[in-house]
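Scope of the values below: all heavy atoms of this structure, side chains included, with no hydrogens, waters or symmetry mates. Within every chain, numbering begins at 1; the chains are lettered A, B, ... in the order of the sequence lines, protein sequences first and strands thereafter.
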Amino acid sequence: MSDTPRVRFAPSPTGYLHVGGARTALFNWLYARHRGGKFILRVEDTDEARNTEAAKEAIFDGMKWLGLDWDEGPGAGGDFGPYFQSQRKAIYDDYFAKLEAAGRVYFEDNGAARFKFSRQPILVPDMVCGDVHFAATEEPDMTIRRPDGSYIFHFVNVVDDIEMKITHVIRGEDHLSNTWKHIDLFHAFGKHAPRYAHIPLILNPTGSKMSKRDEGSAIASYQEAGFLPDAVFNYLCMLGWTPKAGEKLDRATLIAAFEPSDIHSANARFDMTKCTWFNAQYLRELSPEALFATALPFLEAKGLQISDHAMAAKAVYSVKEKVSLLGEVPSWVHYFFTDDYSYEPDVMTKLKAKPENATLLSELKADLGNLAAWDEHTIHTGIEATAARLAVKAGALMPLLRFALSGQSRGPGVATIIDLLGKDRTVARIERTLGLL
RNA sequence: GACCCCUUCGUCUAGCGGUUAGGACACAUCCCUUUCACGGAUGCGACACGGGUUCGAGUCCCGUAGGGGUCGCCA
């Protein structure tokens with residue numbers, strides 16, 4: 001047997017890339033990278049009625065987003081193309097003729113062709129499930145070609161796996177029950193079946209199969225919500241596989257550790273909360289520059305006017321540990337980018353609750369306006385000095401400043417906000433707030 | 001209905017005959033703290049059930065129940 005495995009992901013472009021498919025692709029990719037083999041993308045578009053161009057693009061986009069690059073397939077070339085099944089009819093005709101010659105095909109009255117099962121017990125050796133035995137079947141022979149001459153999944157799948165020299169088939173466990181049919185076909189062609197690894201299904205939180213309705217089922221939705229590809233990649237790995245090295249692991253480590261026989265055979269439920277936790281972890285590892293670059297599209301999507309990128313980058317970085325998703329960033333920093341910020345109802349109530357708040361803010365405005373230097377330390381010291389002069393605790397002044405400058409009850413450190421705002425805007429914002437009290 | 005896979009805290013899981021059944025997420029409490037977070041500490045919390053095998057079973061076997069899947073001229 002060849003030392004370099006050839007594995008494939010064979011999606012059907014009838015919908016968006018869903019999380020189950022993505023993880024199947026991911027495990028195949030990991031295996032190819034782990035063993036130094038080839039990862040092939042083959043588009044199973046034999047069902048003309050259900051294929052769409054948009055679905056095809058969505059699958060490619062999703063895989064690229066996750067970093068699952070393919071060595072052979074659409075856009076990547078390869079010696080075993082074409083990689084669209086819709087373009088391989090001549091090959092299928094050829095194989096069909098072989099089957100016919102072997103006396104394993106017969107036709108229905110309407111022209112549909114069926115493959116005559118061997119009716120022998122068939123063993124499916126599986127790297128995940130172990131040896132799975134299927135007794136000689138009583139199922140009707142399976143249809144492999146439609147009356148219009150187009151071929152059915154089971155047939156083209158096997159033919160292409162032969163033609164593309166696939167050595168390992170890693171796919172969802174929903175295929176396990178049909179695998180004996182594929183092996184029967186391989187044998188009919190006089191070929192050995194590839195090695196199989198049927199991976200567990202991803203279930204929704206309720207425990208049934210993930211469907212379009214379920215949160216997190218579409219890979220594109222992660223991109224939209226502000227997940228980082230590495231985080232989703234990492235989380236998806238942990239659904240059905242537990243490397244000894246731990247949970248949060250980078251790609252190189254995952255590749256090095258991947259072993260199909262370590263994959264569990266029990267289905268796993270999807271947990272968006274934990275997926276989000278992974279994302280928060282990855283977010284915190286981003287450099288200020290990288291964080292800003294990835295967050296910028298989300299800020300712009302919310303209509304924030306970002307003119308000063310240096311300041312914006314610092315603002316985003318200041319809330320790094322407060323967010324789990326990039327989509328949450330705008331709500332934490334929007335007030336940095338408009339002087340027409342609004343006040344949370346709660347905030348205004350608190351500001352108006354005590355008459356002396358206005359006095360305190362006036363004093364702060366004056367003192368801050370007189371600061372000689374402008375950095376977090378100086379600002380912090382300045383506020384403490386004001387507190388001392390007014391015989392109040394600095395801790396009493398901080399919330400007032402936060403409320404006045406941001407209109408928010410939560411956010412980065414007050415000195416950080418002031419530093420980023422600059423002296424002029426700080427003074428102006430306190431004035432603006434005083435005018436509303 | 002037949003066949004296939006599966007069954008440890010709420011969730012993801014460690015465990016591969018002898019463990020106080022461990023970790024992560026979530027949750028709760030405390031610490032840190034100008035807020036919110038982060039971080040740290042502690043707590044809560046599981047071997048589906050019934051039979052075997054064994055000196056000893058979460059670990060092996062059988063059964064039951066439950067969950068998932070497949071039986072398409074979908075993939």
Paired with [N]: which nucleotide, if any, by Watson-Crick or G-U wobble criteria at under 3.5 Å for both distances?
| N | value |
| --- | --- |
| B:A14 | none |
| B:C49 | B:G63 |
| B:G43 | B:C27 |
| B:C71 | B:G1 |
| B:A57 | none |
| B:A21 | none |
| B:U34 | none |
| B:C9 | none |

Rounded to whole angstrom units, what separation is found between the [atom1] atom of [X] and the [atom2] atom of [N]?
| X | N | atom1 | atom2 | value |
| --- | --- | --- | --- | --- |
| A:Arg145 | B:C74 | CZ | C1' | 19 Å |
| A:Phe96 | B:C73 | CZ | C1' | 13 Å |
| A:Glu138 | B:G1 | CD | P | 17 Å |
| A:Phe153 | B:C71 | CZ | C1' | 14 Å |
| A:Arg119 | B:C71 | CZ | C1' | 12 Å |

Pairing residues for [X] by the side-chain hydrogen bond (donor to acceptor under 3.5 Å, both in side chains) criterion, not counting sequence neighbours:
| X | result |
| --- | --- |
| A:Glu321 | none |
| A:His198 | A:Asp126, A:Arg171, A:Thr179 |
| A:Ser208 | A:Asn204 |
| A:Arg284 | none |

Is it the case that the side chains of [Y] and [X] hold a donor-acceptor pair, with the cut-off being a distance below 3.5 Å and no angle test?
| X | Y | result |
| --- | --- | --- |
| A:Lys354 | A:Asn357 | no |
| A:Ser409 | A:Asp346 | no |
| A:Thr433 | A:Tyr343 | yes |
| A:Tyr151 | A:Asp93 | yes |

Interatomic distance at [atom1], [N] relative to [M], whole Å:
| N | M | atom1 | value |
| --- | --- | --- | --- |
| B:C55 | B:A21 | P | 23 Å |
| B:C27 | B:G10 | C1' | 9 Å |
| B:G15 | B:C73 | C1' | 48 Å |
| B:U7 | B:U13 | P | 10 Å |

- Query: If each of A:His133 and A:Glu108 is mapped to the nucleotide of RNA chain B with the nearest heavy atom, which maps nearer the 5' terminus, i.e. the 5' end?
  - Reply: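 Nearest nucleotide further toward 5': that of A:His133.
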- Message: Under the salt bridge (charged side-chain N to carboxylate O under 4.0 Å, His left out) definition, can you give me all pairs with a residue in residues 145-161 of chain A, not counting sequence neighbours?
- Response: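 Only A:Arg8-A:Asp161, A:Arg42-A:Asp160, A:Arg42-A:Asp161, A:Arg88-A:Asp160 qualify under salt bridge (charged side-chain N to carboxylate O under 4.0 Å, His left out).
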- Is there side-chain contact between A:Met311 and A:Phe337, with heavy atoms separated by less than 4.5 Å?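 Yes, side chains in contact.
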- Message: Looking at A:Asp419 and A:Lys314, is there a salt bridge between them, counting it only when a charged N and a carboxylate O are closer than 4.0 Å?
- Response: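 No, this pair does not count.
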- Query: Is any side-chain N of the basic residue among A:Arg119 and A:Asp141 closer than 4.0 Å to the acidic one's carboxylate O?
  - Reply: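 Counted as a salt bridge, because a side-chain N and a carboxylate O are separated by less than 4.0 Å.
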For [X], answer base if it contacts any base atom (sugar-phosphate contacts may also be present), sugar-phosphate if it contacts only those atoms, and nothing otherwise; contact means non-hydrogen atoms under 4.0 Å.
| X | answer |
| --- | --- |
| A:Phe134 | sugar-phosphate |
| A:Thr46 | sugar-phosphate |
| A:Asn157 | nothing |

Phosphate contact ([N] OP1 or OP2) by [X] side-chain N/O below 4.0 Å:
| X | N | answer |
| --- | --- | --- |
| A:Thr242 | B:U13 | no |
| A:His264 | B:C6 | no |
| A:Thr14 | B:A75 | no |

- With sequence neighbours excluded, tell me which residues meet side-chain contact (heavy atoms from CB on, under 4.5 Å) with A:Ser211.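 Listed in chain order: A:Arg213, A:Asp214.
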- B/S/- contact track for nucleotides 24-44 of chain B, protein heavy atom under 4.0 Å: BSS-------BBBSS------
- Query: Is it the case that A:Lys98 places NZ or CZ above or below the six-membered ring of A:Tyr95, under 6.0 angstrom from the centre and within 45 degrees of the axis?
  - Reply: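 Ring-cation test returns yes.
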- Task: Could you tell me whether A:Lys89 sits above the aromatic face of A:Phe96, with NZ or CZ closer than 6.0 angstrom to the six-membered ring centre and within 45 degrees of the axis?
- Result: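 No - A:Lys89 does not lie over the ring of A:Phe96 by the 6.0 Å and 45° rule.
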- Query: Sub-3.5 Å donor-acceptor pair from the side chain of A:Lys191 to the main-chain atoms of A:Val158, do we have one?
  - Reply: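 No; zero donor-acceptor contacts below 3.5 Å.
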Contact list (N/O, under 3.5 angstrom) for nucleotides 64-69 of chain B vs protein:
| residue | atom | partner | partner atom | Å |
| --- | --- | --- | --- | --- |
| B:G68 | O2' | A:Asn267 | OD1 | 3.0 |
| B:G69 | N2 | A:Ser177 | OG | 3.1 |

- Query: With sequence neighbours left out, what residues match A:Glu289 under salt bridge (charged side-chain N to carboxylate O under 4.0 Å, His left out)?
  - Reply: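 So A:Glu289 forms no salt bridge (charged side-chain N to carboxylate O under 4.0 Å, His left out) with any residue.
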Identify, residue by residue, the members of [range] with a heavy atom below 4.0 Å from RNA chain B, and return them in order of residue number, or none.
| range | value |
| --- | --- |
| residues 178-186 of chain A | A:Asn178, A:Lys181 |
| residues 248-262 of chain A | none |
| residues 344-357 of chain A | none |

- Atom CZ of A:Phe227 and atom CG of A:Leu326: how far apart are they, to the nearest 0.5 Å?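 So the CZ of A:Phe227 and the CG of A:Leu326 are separated by 10.0 Å.
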